[in-house]
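Sequence lines set the chain letters: A, B, ... in the order given, protein chains first and strands last, and positions in each chain run from 1.
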Amino acid sequence: MEELIRIKVEDSIFFIKKGTPLSQILSELPISEKPILFRSEGVLLDLSYPADRERELSLVFAGDPEALEVLRHSASHLLAHAVTDLFPGIQVGIGPAIENGFYYDFLRETPFTPEDLEVIEKRMREIAEQDQPINRLILNKEEAIRIFKERGQDLKVELIQEKGGSEVSCYQQGNFIDFCLGPHLPSTGHIKHFKLLSVSGAYWKGDERGPQLQRIYGTAFFTQKELDDYLNFLEEAKKRDHRRLGQELELYSTNEDLGAGLIIWHPKGAIIRHLIETFWKEEHLKDGYDFIYSPHIAKLDLWKRSGHTEFYDAMFPPLEFEGFKYQLKPMNCPFHIMAYKSRQRSYRELPLRWAELGTVYRYERSGVLHGLLRVRGFTQDDAHIFCRGDQLEDEIKGVIRLATKLLKAFGFENYQVYLATRPEKYVGRLEDWNKAEKALEEALKSSGLSYQIDEGEGVFYGPKIDIKIKDAIGRLWQCTTVQLDFNLAERFDLTYVGEDGNFHRPFLIHRALLGSMERFFGVLIEHYKGNFPLWLAPVQMVILPIAERHEAYARELQSVFRAEGLRVQVDDSREKVNKKIREAELQKIPLIAVVGDKEISNRSISLRIHGQGDRGQIEVESLIPKVKTLIQNKSLDINF
RNA sequence: GCCAGCGUAGCUCAGUCGGUAGAGCAGCUGAUUUGUAAUCAGCGGGUCGGGGGUUCGAAUCCCUUCGCUGGCUCCA
């Protein structure tokens with residue numbers, strides 16, 4: 001007698017034969033739309049999943065957020081299906097869904113071209129339109145290996161041998177078959193709104209010594225609108241690209257003759273950096289920090305003692321002169337430590353909070369360099385805090401408070417916070433680790449920030465907190481990092497004399513809030529889309545005389561405004577006002593003051609605000625305090 | 001570092017089959033004296049990223065090197 005399996009769906013209960021597809025029950029359900037997946041105990045299952053045991057099922061429909069990953073995974077199979085159709089003999093690697101889409105890796109002698117992508121996408125649409133069923137197959141391992149061997153899919157054979165149990169699951173659509181856990185959509189016809197985006201190289205299993213595969217990236221959504229929205233988002237991100245805006249707004253440049261990854265800050269970028277740094281210094285002084293300046297190179301022996309020569313692989317080669325080797329600094333810590341060690345320290349003077357906008361040099365591999373975001377010479381907003389164990393929690397609280405205060409001033413209010421704890425290989429004493437991890441977590445709890453714990457993801461020398469900020473279009477950027485360092489404290493034998501007259505080891509906290517000036521500036525440019533708030537705008541106001549006879553008035557106003565501390569320019573080009581306005585708008589200057597006969601007669605200006613258009617006449621004397629208030633408050637918008 | 005693509009005037013780009021390099025914007029000069037997103041005209045501007053090779057002849061083909069871009073790897 002055949003075994004019947006009890007299946008509960010919503011309020012209905014079914015008994016179906018063991019091994020038959022769960023989808024059998026669908027015809028009995030009073031539903032107008034067919035689901036694409038089942039959910040059972042929080043796990044998604046194929047519609048064709050065989051009834052194996054008593055289950056309670058819920059239905060998952062197209063458009064359900066958790067089904068998106070399945071859609072994209074099925075889209076990656078569709079991609080591999082099309083590619084194996086079009087390029088016989090090609091080997092397929094792996095093809096998962098990823099955050100914004102999917103990819104599939106292929107092994108092939110000749111790389112794909114952009115034209116290939118078009119052809120592949122076309123073939124994908126054909127297969128999708130044929131609405132081929134996607135079938136789940138359970139094969140025993142030897143059989144699966146035989147099938148993929150026959151097909152010349154050696155990479156898959158390797159995967160099955162590594163990952164497969166005695167039985168392996170495979171998915172098959174038409175003549176394409178893939179080793180895969182699933183689940184998948186019921187048929188290719190459900191994949192309607194997708195687009196292939198790019199092709200790049202990728203290492204097999206992420207190993208740079210292994211073969212290099214061709215990776216095709218794409219994305220897929222349940223509706224055309226979502227796909228369009230995503231493609232628009234990519235366009236929007238392009239418009240915000242700091243490399244493009246950096247050039248258009250003359251903020252910074254790089255130059256082949258200087259060397260890769262080295263940044264020249266032009267006057268308009270430099271003034272912004274100056275303003276950020278001034279703000280940063282003021283806030284640090286308020287929080288009881290002292291400042292340090294340290295040199296850019298130090299004897300190689302210092303870096304041997306710190307362990308950098310042994311553990312840090314981004315150091316430039318050393319320089320040699322007068323019989324000594326010197327090292328360009330990749331970090332500031334050893335210098336601050338030298339300052340600490342310059343004399344004996346007492347428990348009474350802790351905590352010491354020593355900050356430095358310290359410029360460091362790292363030999364980043366050429367392929368990873370990227371605009372301002374990944375460079376070889378950069379200035380960290382660094383600080384090291386030396387404190388006692390009983391001060392640890394308060395110090396970390398203070399760092400988090402200062403970090404969020406600074407970030408909020410720039411309009412970053414949403415964070416993702418991670419606490420990374422002790423990894424398997426670590427240095428330092430276990431009790432110190434425990435104490436530090438507890439202090440970090442307590443500080444996070446009291447900060448009110450939500451956070452997640454990355455168990456065992458800390459670096460070997462200490463636990464850390466990382467804060468990622470969310471920018472204006474929802475992208476995440478890593479800026480703040482707070483790290484305990486048991487390694488350097490040990491290596492440099494840091495001590496203080498305690499109340500008991502004995503030597504004790506201080507805790508060393510290493511922290512950067514904005515990360516680096518270069519990186520933070522790059523993020524800021526994209527966040528603001530080049531529209532810097534008034535307090536940061538390189539040129540806060542441009543005065544546009546309508547005709548030559550108004551220039552004297554424009555100049556007079558310029559000096560009046562300058563005397564008030566405003567950054568003001570006059571556009572005295574022999575152009576029409578329309579042209580001058582266009583130029584000012586393209587330069588994203590926040591305030592545009594048009595002056596002509598009318599304005600001279602009542603000592604006013606006609607105000608135009610970037611992004612807001614003409615705001616009418618306003619008297620000079622009433623304008624000045626309003627503008628100054630906006631600047632003083634670091635207002636992110638201009639509202640009079 | 002690896003795979004792929006790209007590098008032409010300050011910027012954005014065109015340049016066919018290998019046959020003496022072009023446009024728009026910007027710049028300069030002149031005219032225009034202008035009221036809320038491009039006034040008109042003229043002029044100057046290039047070792048076609050650098051180096052080497054093939055060829056009667058190279059922006060174009062080949063090699064090499066530097067830089068940039070998208071990924072990969074890396075970011076103790």
K.L.:
If we take the P atom in both B:G10 and B:G5, what is their distance in whole Å?
P.N.:
27 Å

K.L.:
Taking the P atom of each, how far is B:G7 from B:C13, in whole Å?
P.N.:
10 Å

K.L.:
When the C1' atoms of B:A31 and B:G67 are considered, how many whole Å apart are they?
P.N.:
44 Å

K.L.:
Is there a Watson-Crick or G-U wobble partner for B:U16 with both distances under 3.5 Å, and if so, which one is it?
P.N.:
none

K.L.:
Send over the distance from A:Glu364 CD to B:G1 C1', rounded to a whole Å.
P.N.:
12 Å

K.L.:
Could you tell me how far B:C66 sits from B:C25 if I compare only their C1' atoms? Round to whole Å.
P.N.:
29 Å

K.L.:
Within this structure, what is the NE2-to-P distance between A:His242 and B:C68, rounded to whole angstrom?
P.N.:
12 Å

K.L.:
Distance between the C1' atoms of B:C68 and B:U32, in whole angstroms?
P.N.:
43 Å

K.L.:
Any salt bridge between A:Glu556 and A:Arg603, counting N to O under 4.0 Å?
P.N.:
yes

K.L.:
Rounding to an integer number of Å, can you tell me how far A:Ile216 CD1 sits from B:G5 P?
P.N.:
14 Å

K.L.:
Rounded to whole Å, please give me the gap between CG in A:Leu369 and C1' in B:G71.
P.N.:
14 Å

K.L.:
May I have the distance from A:Arg243 (atom CZ) to B:U12 (atom P), rounded to whole angstrom?
P.N.:
13 Å

K.L.:
A:Asp241 or A:Phe460: which one's nearest nucleotide on RNA chain B is closer to the 5' end?
P.N.:
A:Asp241

K.L.:
In whole Å, what separates the P atom of B:G51 from that of B:A9?
P.N.:
15 Å

K.L.:
Please determine if A:Asp207 and A:Lys205 form a salt bridge, counting it only when a charged side-chain N lies under 4.0 Å from a carboxylate O.
P.N.:
no

K.L.:
Could you state the CG-P distance from A:Leu373 to B:C68, rounded to the nearest angstrom?
P.N.:
14 Å

K.L.:
Could you go through residues 228-235 of chain A and list every donor-acceptor pair under 3.5 Å that involves a side-chain atom there, pairing it with any protein atom two or more places apart or in another chain?
P.N.:
{"from": "A:Asp228", "atom 1": "OD1", "to": "A:Gln224", "atom 2": "NE2", "distance (Å)": "3.1"}
{"from": "A:Asp229", "atom 1": "OD2", "to": "A:Lys225", "atom 2": "NZ", "distance (Å)": "2.7"}
{"from": "A:Asn232", "atom 1": "ND2", "to": "A:Asp228", "atom 2": "O", "distance (Å)": "3.3"}

K.L.:
Salt-bridged, A:Glu248 to A:Lys588, with N to O below 4.0 Å?
P.N.:
no

K.L.:
Tell which nucleotide pairs with B:A37, taking only Watson-Crick or G-U wobble pairs whose two distances are both under 3.5 angstrom.
P.N.:
none

K.L.:
Starting at the 5' end of RNA chain B, which residue's closest nucleotide do you reach first, A:Glu256 or A:Asp207?
P.N.:
A:Glu256

K.L.:
Once salt bridge (Lys or Arg N to Asp or Glu O under 4.0 Å) is applied, what residue pairs with a partner in residues 359-379 of chain A remain, sequence neighbours excluded?
P.N.:
A:Glu208-A:Arg365, A:Glu364-A:Arg374

K.L.:
Using nucleotides 2-4 of chain B, report all nitrogen or oxygen pairs with the protein that are shorter than 3.5 Å.
P.N.:
{"from": "B:C2", "atom 1": "O4'", "to": "A:Tyr203", "atom 2": "OH", "distance (Å)": "3.3"}
{"from": "B:C2", "atom 1": "O2'", "to": "A:Gln212", "atom 2": "OE1", "distance (Å)": "2.3"}
{"from": "B:C2", "atom 1": "N1", "to": "A:Tyr203", "atom 2": "OH", "distance (Å)": "3.4"}
{"from": "B:C2", "atom 1": "O2", "to": "A:Tyr203", "atom 2": "OH", "distance (Å)": "3.2"}
{"from": "B:C3", "atom 1": "O4'", "to": "A:Gln212", "atom 2": "OE1", "distance (Å)": "3.0"}
{"from": "B:C3", "atom 1": "O4'", "to": "A:Gln212", "atom 2": "NE2", "distance (Å)": "3.2"}
{"from": "B:C3", "atom 1": "O2", "to": "A:Gly201", "atom 2": "N", "distance (Å)": "3.3"}

K.L.:
Determine whether the aromatic ring centres of residues A:Phe87 and A:Phe106 are separated by less than 6.0 angstrom.
P.N.:
no

K.L.:
Do you know which of A:Asp105, A:Leu107, A:Leu213 makes side chain to side chain contact (heavy atoms under 4.5 Å, CB included) with A:Trp204?
P.N.:
A:Leu213

K.L.:
Can the positive tip of A:Arg567 be found less than 6.0 Å from the middle of the six-membered ring of A:Phe561, inside 45° of the ring normal?
P.N.:
no

K.L.:
Quickly work out the A:Glu250 CD to B:A26 C1' distance and round it to whole Å.
P.N.:
11 Å

K.L.:
Tell which nucleotide pairs with B:C11, taking only Watson-Crick or G-U wobble pairs whose two distances are both under 3.5 angstrom.
P.N.:
B:G24

K.L.:
Can you tell me which nucleotide in B:C68, B:C11, B:G71 comes closest to the side chain of A:Ala260?
P.N.:
B:C68

K.L.:
Which whole number of Å gives the distance between the P atom of B:U8 and that of B:U73?
P.N.:
31 Å

K.L.:
Under 6.0 Å between the ring centres of A:Tyr340 and A:Phe492?
P.N.:
no

K.L.:
Quick one: what's the B/S/- string for nucleotides 31-41 of chain B, heavy-atom cutoff under 4.0 Å, read 5' to 3'?
P.N.:
-BBBBBBBB--

K.L.:
With hydrogens left out and only the distance checked, is there a donor-acceptor pair under 3.5 Å joining A:Arg374's side chain and the base of B:C74?
P.N.:
yes

K.L.:
Under a 3.5 Å cut-off for both contacts, is B:U54 paired Watson-Crick or G-U wobble with anything, and if yes, with which nucleotide?
P.N.:
none

K.L.:
Once you apply the 3.5 Å cut-off to both distances, tell me the Watson-Crick or G-U wobble partner of B:G5, or none.
P.N.:
B:C68

K.L.:
Rounded to whole angstrom, note down the P distance from B:A58 over to B:G50.
P.N.:
15 Å

K.L.:
Quick one: side-chain contact (heavy atoms from CB on, under 4.5 Å) partners of A:Ile609, sequence neighbours excluded?
P.N.:
A:Leu591, A:Leu607, A:Gln612, A:Arg615, A:Ile638

K.L.:
Under the side chain to side chain donor-acceptor pair (under 3.5 Å) rule, collect the residues that match up with A:Gln247, sequence neighbours excluded.
P.N.:
none

K.L.:
Measure CD/A:Gln483 against C1'/B:C75 and give the value in whole Å, please.
P.N.:
11 Å

K.L.:
Please check the phosphate of B:U12 (OP1 and OP2 only) for any side-chain N or O of A:Gln247 closer than 4.0 Å.
P.N.:
yes

